[in-house]
Amino acid sequence: MPADEPSAASPGAPRLAGLSELEPDPEAIRTLPAEFAKANRVLPFAIRNGRLCLATAAPGNRRVIDDIRLVSGMEVEEFTAPAGEITERIGECYQVTVEQMIENLHPSQQPAAEGRNRHDIEVMANEPTVINLVNLIISTALRERASDIHLVPFEGELQLRYRIDGLLQEKAPPPKHLHAALISRLKIMADMNIAERFMPQDGHIQIHHRGVRVDIRVGTMPTVHGESIVLRLLEKGSRLLTPEELGLDPQRSALLNRLVSKPHGLFLATGPTGSGKTTSLYSILSSIYTPEKKILTIEDPVEYELAGVAQIPVRPGRGFTFARGLRSILRQDPDVVMVGEIRDSETAEIAIRAALTGHQVFSTLHTNDSAGAINRLVDMGIEAFLIASSLDGVLAQRLVRRICPHCRTEHAVSDAVRDKLATLGEETLRGRFQHGAGCEACGETGYRGRIGIFELLPVDARLRELILEKRSTEEVKRVAHKHMTTLFQDAMQKAADGTTTLDEVLRVAAVDLEE
């Protein structure tokens, strides 16, 4: 908010900092019609002492000020802000919400789309109502920090859900009769075949939101009630976080730096889908990049563009798989290689042999913990001596939700939670535990954003012996856990320091302990 307030509107009006973060007063917004605000590029954001405060890129226009006085019945105080920011915020503050638009689209307004031919559906997909609804669904999801949009048909309704901070949240359902038109509109945007309704399809949309490029991965799937569609939202302008910002403590961050700074070897990130493995590897690649190193990646798909790194997308439909791509990029004389995921024994063997022949190799695996990566490679048919010779370290991770900083408050631990933790070995709870009471900033969830929990397994001489002896995963865990912080221990520490809640610890980190 501005620090000083002028006594009258003038060309020397003070600059308004942080307009993009400002939450305008709805009462102030209602003082001016949307058409007037857009035409004159002014945004009313507060009422103070009977005066209307507004942002403008061209202060001192007496005609506009006089019109605002007449329309609002108040004196005016002007603050300057960039024209682009004002235009964007006007669009956000005056636009209709998805819920309002859906409420106005009563099913009786149009006949059902069932039975229409391809031409009719394509015409419907290009109608302003459908275009606006699709645009509004996407822009609202981006403003609410959603990572995915799910549109799923059922017999009596069309379900709309956003994945926010890792959990799905249900939104007002669009009218069922618009299902075919909405799917077709998204297919047109993603350059997909709108006539194909009985086979899965993948597509890609690129848009700009608040000056940031957003790539949207689109996937359709036929169901018994029609096509389901998922949109994954990837903001290309997002800043890469350091390991500490991702959630690693300084001690383990220093250990990680030592493990990934070796001239050759294999380093793996493990965890389920959506646990942030690729983000962690991007952070590592960014930290070790220098102009003297040639870094190549092969990914499916390329999620973020890294400065100085040549990134290659796989194309399975054309036969360009991870294994084939990895063979090819090794002939490009790289120093560092990142393989998006080791999915089969062929890729695993090529990656390990690359690590043994002077390359630094990074990749991901789907395992529950760090020790499980060793057994997973064995299951793929990789010889134990190759694993022991090449593997330097494994970073296992999950994501837990952060407590909302706007409604954070101390919280008594319930008996049910205490009993549950006691069964997991946590009989004495230390720390001032907190939770989010729920507020507008977090959508009444009590959480805003996520942070990683990690276990970092360095493969030392003792572990190499266990691998060569083909010991079980449980034996490897027993030895490894004596000298490292586990996922559960890291989660408990983050709950004790008020970063997350004990409920999140039980939801995310305690599952593997129960198995």
Side-chain angles (χ1 to χ4, degrees), residues 255-256 258-271 277-278 280-282 284-285 288 293-300 309-312 314 316 320-397 455-473 475-477 479-480:
L255 173 59
L256 174 66
R258 291 196 297 273
L259 291 174
V260 302
S261 297
K262 296 182 178 182
H264 55 79
L266 175 66
F267 186 89
L268 297 173
T270 72
K277 301 184 296 296
T278 303
S280 294
L281 290 186
Y282 280 158
I284 291 169
L285 291 182
I288 66 173
K293 286 184 178 180
K294 181 172 183 179
I295 303 178
L296 294 177
T297 75
I298 180 165
E299 308 172 55
D300 182 22
V309 177
Q311 296 171 267
I312 305 161
V314 300
F320 188 66
T321 61
F322 277 118
R324 185 172 180 178
L326 185 53
R327 281 198 207 91
S328 299
I329 65 176
L330 290 177
R331 294 193 286 270
Q332 298 294 310
D333 188 32
D335 299 293
V336 181
V337 175
M338 187 190 100
V339 184
E341 183 183 343
I342 293 178
R343 296 176 178 172
D344 52 55
S345 57
E346 185 180 9
T347 305
E349 186 169 347
I350 298 171
I352 285 177
R353 293 196 180 276
L356 292 171
T357 54
H359 300 88
Q360 194 176 15
V361 181
F362 297 91
S363 191
T364 69
L365 271 179
H366 288 277
T367 64
N368 289 333
D369 54 24
S370 54
I374 297 168
N375 193 52
R376 180 80 179 98
L377 291 172
V378 171
D379 290 343
M380 286 183 172
I382 306 302
E383 294 289 346
F385 75 92
L386 291 176
I387 300 171
S389 303
S390 62
L391 187 61
D392 288 327
V394 184
L395 182 71
Q397 65 185 85
E455 62 178 38
L456 178 58
L457 174 66
V459 181
D460 55 18
R462 177 57 184 150
L463 284 181
R464 293 188 199 281
E465 288 180 15
L466 295 178
I467 295 170
L468 288 171
E469 294 170 3
K470 299 182 180 179
R471 298 294 184 89
S472 68
T473 300
E475 290 180 272
V476 174
K477 280 184 184 181
V479 173

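- When atom types are taken as modelled, the side chain of Lys294 and the backbone of Gln332 share a donor-acceptor pair closer than 3.5 angstrom.
- Of the candidates Asn375, Val459, Ile374, Ile374 is the only one forming a side chain to side chain contact (heavy atoms under 4.5 Å, CB included) with Val476.
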Next on the checklist: Working note: Asp300 + Arg343, criterion side-chain contact (heavy atoms from CB on, under 4.5 Å); need CA distance, chi angles, decisive distance, verdict.
Outcome noted: CA-CA 11 Å; Asp300 182 22; Arg343 296 176 178 172; 3.1 Å; yes

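- The main-chain N or O of Phe385 is never found under 3.5 Å from a side-chain atom of Arg464 such that the two would form a donor-acceptor pair.
- Partner of Leu266 under the side chain to side chain contact (heavy atoms under 4.5 Å, CB included) criterion, chosen from Val337, Asp392, Leu356, Val361: Val361.
- Counted by atom type alone, Thr364 and Glu341 present zero donor-acceptor pairs between their side chains at under 3.5 Å.
- Side-chain atoms of Thr321 never come within 3.5 Å of backbone atoms of Pro316 as a donor-acceptor pair (strictly under, hydrogens ignored).
- Looking at every heavy atom in both residues, Met380 comes nearest to Ser345 through O-CB, 2.8 Å.
- Looking at Gln311, its side chain never comes within 3.5 Å of a backbone N or O of Ile298 through a donor-acceptor pair.
- When atom types are taken as modelled, the side chain of His359 and the backbone of Val336 share no donor-acceptor pair closer than 3.5 angstrom.
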Next on the checklist: What verdict does the side-chain contact (heavy atoms from CB on, under 4.5 Å) test give for Ser370 and Leu456, after you've listed the backbone C-alpha separation in whole Å, the side-chain angles of each residue and the deciding distance to 0.1 Å?
Outcome noted: CA-CA 7 Å; Ser370 54; Leu456 178 58; over 6 Å; no

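- Using a 4.5 Å heavy-atom cutoff, the side chains of Glu299 and Val314 are not in contact.
- Heavy atoms from other residues, nucleotides or ligands lying under 6.0 Å from CD of Glu383 number 12 at most.
- Of all the heavy atoms in Thr270 and Asp369, the pair that sits closest is OG1-O, 3.5 Å.
- Side-chain atoms of Glu475 come within 3.5 Å of backbone N or O of Ser472 as a donor-acceptor pair.
- At most 12 heavy atoms of other shown residues, nucleotides or ligands fall within 6.0 angstrom of atom NZ in Lys470.
- A distance-only check finds no donor-acceptor pair linking the side chain of Ser389 to the backbone of Leu386 [under 3.5 Å].
- In this structure, CG in Leu463 is found 5.5 Å from CG in Leu457, a value given to the nearest 0.5 Å.
- Side-chain contact between Ile342 and Leu268: present, with at least one pair of heavy atoms (C-beta onward) separated by less than 4.5 Å.
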Next on the checklist: Between Phe267 and Ile284, does the side-chain contact (heavy atoms from CB on, under 4.5 Å) criterion hold? Intermediate values first, please.
Outcome noted: CA-CA 11 Å; Phe267 186 89; Ile284 291 169; 4.0 Å; yes

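- Atoms CG and OG, from Leu281 and Ser363 in turn, are 7.5 Å apart once rounded to the nearest 0.5 Å.
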